[in-house]
Amino acid sequence: MIRLTLTAALALTLAAAPVLAQTAPSPTGAQPGSEEWLRLRGEMYSRAPDTEQDPAEVAATARLNAEIAARNAAAAEAEAGAATAFEERNAAWRAETARLETERAQWEANDAAARAAQARWEREQAAWEAQMAACRRSGRVCLTPSPRN
């Protein structure tokens with residue numbers, strides 16, 4: 001058990017090492033994602049002034065952003081539809097499960113009633129047979145009708 005726990009802890013540490021290395025604050029205290037942090041890692045990003053922006057590139061970026069936004073909206077709509085369909089199927093399943101549980105309970109009640117009726121019939125049959133045996137022992141003519149009739 002201890003070996004499994006240690007192995008799992010080691011695996012998690014090894015899996016998280018790249019993430020921890022990327023998000024660890026720099027010795028200068030730069031926050032991950034900041035300009036200083038990017039510069040220290042050898043990455044540079046600085047937005048060019050509007051006068052230096054390529055209009056075709058700006059238009060292409062705007063078009064791509066619009067496409068991404070449209071895909072995101074479609075995905076959100078599809079997800080909402082799937083969630084609604086799931087809830088409907090889940091409600092139907094719950095209703096069917098409740099119906100089957102009710103049927104099972106009714107079957108169990110019917111079974112118990114049938115067993116009680118069978119036990120009552122067997123008691124009455126045994127009592128009749130005992131009555132007939134007593135009558136025969138007495139030497140009389142026995143005309144007692146059977147409880148089966």
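Index from 1, following the sequence.
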If the condition is side-chain hydrogen bond (donor to acceptor under 3.5 Å, both in side chains), which residues does N110 pass it with, not counting sequence neighbours?
Q106

Only counting residues at least two apart or in another chain, list the ones meeting side-chain hydrogen bond (donor to acceptor under 3.5 Å, both in side chains) with E52.
none

Determine the sole option in N65, L64, V58 for which the side-chain contact (heavy atoms from CB on, under 4.5 Å) test with T61 is passed.
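Looking at N65, L64, V58, the match for T61 under the side-chain contact (heavy atoms from CB on, under 4.5 Å) is N65.
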
Pick from Q125, Q118, R120: which one makes a side-chain contact (heavy atoms from CB on, under 4.5 Å) with E122?
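Result for side-chain contact (heavy atoms from CB on, under 4.5 Å) with E122: Q118.
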
Per the salt bridge (charged side-chain N to carboxylate O under 4.0 Å, His left out) rule, what does the pair list look like for residues 55-70, sequence neighbours excluded?
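Every candidate salt bridge (charged side-chain N to carboxylate O under 4.0 Å, His left out) pair involving residues 55-70 fails, so no pair, neighbours aside, qualifies.
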
Can you list every pair that meets side-chain hydrogen bond (donor to acceptor under 3.5 Å, both in side chains) and has a residue in residues 82-101, with sequence neighbours left out?
E96-R99, R99-E103, E101-R104

With E79, which residues qualify under side chain to side chain contact (heavy atoms under 4.5 Å, CB included), at least two apart?
none

Restricting to salt bridge (charged side-chain N to carboxylate O under 4.0 Å, His left out), what partner residues turn up for D111, sequence neighbours left out?
R115

Going from CD on E124 to CD on Q131, what distance comes out if it is rounded to the nearest 0.5 angstrom?
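That separation rounds to 12.0 Å.
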
